[in-house]
Amino acid sequence: MSDVLFTNCRVFDGGGEAPFTGDVLVQGNRIVRVVKTGYGQRTPPVAGARVIDGAGAFLMPGMVEAHTHFSWNDQPSLDAIQRMPPEEHILWCAQVAKRYLDMGWTSCVGAATAKPRLDVVIRNAINDGTIVGPRYLAASQEITVPGGLGDTTAPHLPQPEFAFGAVVSGPHEMRRCVRMFAKYGVDTLKINLSGESITGMPSDMSQFTSEEIAVCVQEAKSWGKRVAAHARSCWSVKECIRQGIEVIYHASFTDEEALDMLEARKFEHFVAPGLAWLINTVHNASQWGLTKDVVAKMDYPRELEAAVESMKAMRRRGIRILPGGDYGFAWTPHGTNAKDLEYFVKYIGMSPMEALLSATAWGGPMMKMGKQLGYVREGCLADLLLVDGDPLEDITVLQDRERILAVMKDGEFHRAPPVRAARGATRWAA
Ligand SMILES: [Zn+2]
């Protein structure tokens, strides 16, 4: 791994300040020097370092996806995801992992896997260098109840292999299930606390008892694992706070009490709403049978409205809202994840700066790595993107692979910049 000196970049350091013109030196897997430079000035050359002339391109921290499902296979239903044979499925996950890195997501938080060990195997293969992918936290399957979101068995085919999730009933089965996933080596236990209208159980229904949830949390914590919840209903959001479930996915339906509870503990929780899935299910999925009438019957337009109001309220209260969520359906294919940032701006009123911070500064703690990730600062891990354009002017540039000139993870280029192009016309029109 050679040292890399980025010069003449617009540096967005993840701290919320306006970007500055500067140089950044990477040695090993760390950022060791960040220097502000005036126009035309350079830092002295560093012996042996590869120099990348940013030509005014935007240098920012790698992004963190807070709700990732590598094993969702860009298909239109849970059944179609789950029925992929395991051999093809693991190869699919490996390809998808690379796609995230290609698109600038240098870290991803697994939010459930379609078969028991896919996430763990992929995480391990990334970590030992067998495959290419982002930093990754591996999840369990979705733990659910008979008839709940993730129980895709049929009455005459009750075998667990036909289930998308891990189906449990009662505290005893819950405890056994958590222990099994702990044995497999997951980082996160994923529990489905609410329904999901597309599967037949409405999003504002909640199926687990508090007793079952408590067993899940207690058992997960005793193994040192994190719990993340699919929680669309208001009761399920409150249950996450009451029971200390750190990661709350969706949180569509809230009331004042839920918002007050969350605000009181805002640095103990992360919220990843996964708005892209709701927005595209409501507006862009008719070719897969989800016509206007069908989604109206499922009540998704009402849920989208509620979710937008909930997120606006959370934003006002300073609750940590992160991008990511349920990409990997036919109408939300993997790799388009930066749309979340656009939706944060368009739907919930974040500034592009806030949207960018949600994908960077909040990402370190979401990855359980504190302030080592998500910043372009001395001492931080060198996960960096060089972008042609200014996401603070136009947040959608992060959706375009061609505009992401370089991706560095842990001090190594996943994609090195096209040097000649970077030396060409300055993209930054300051
Ligand atoms: Zn999900």
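Note that the numbering runs from 1 along the sequence shown for the chain. As the structure lists them, so they are numbered: ligands from 1, and atoms in each ligand from 1.
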Asker: Between T106, N127, D383, which is the residue that forms a side chain to side chain donor-acceptor pair (under 3.5 Å) with R135?
Answerer: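 Checked T106, N127, D383 against R135; only one passes side chain to side chain donor-acceptor pair (under 3.5 Å): D383.
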Asker: Do E196 and T199 have side-chain N/O donor and acceptor atoms under 3.5 Å apart?
Answerer: no
Asker: Can K98 and D102 be counted as an ion pair, charged N to O under 4.0 angstrom?
Answerer: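 Between D102 and K98 there is a salt bridge, with a charged N closer than 4.0 Å to a carboxylate O.
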Asker: Any chance you could lay out the ring pair (Phe, Tyr, Trp, His ring centres under 6.0 Å) test for H250 and H67, step after step, and finish with the verdict?
Answerer: CA-CA 10 Å; H250 308 302; H67 180 164; 5.3 Å; yes
Asker: Inspect the contact between R302 and E305 and indicate whether a charged nitrogen and a carboxylate oxygen are less than 4.0 angstrom apart.
Answerer: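 Looking at R302 together with E305, the answer is no, because their closest N to O distance does not fall below 4.0 Å.
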Asker: Identify which protein N/O/S atoms are less than 2.8 Å from the Zn ion (ligand 1).
Answerer: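 For the Zn ion (ligand 1), the protein N, O and S atoms that sit under 2.8 Å away are H67 NE2, H69 NE2, D326 OD1.
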Asker: Can you confirm whether the side chains of D151 and T153 place a donor and an acceptor under 3.5 Å from each other?
Answerer: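 Yes, a side-chain donor-acceptor pair sits under 3.5 Å.
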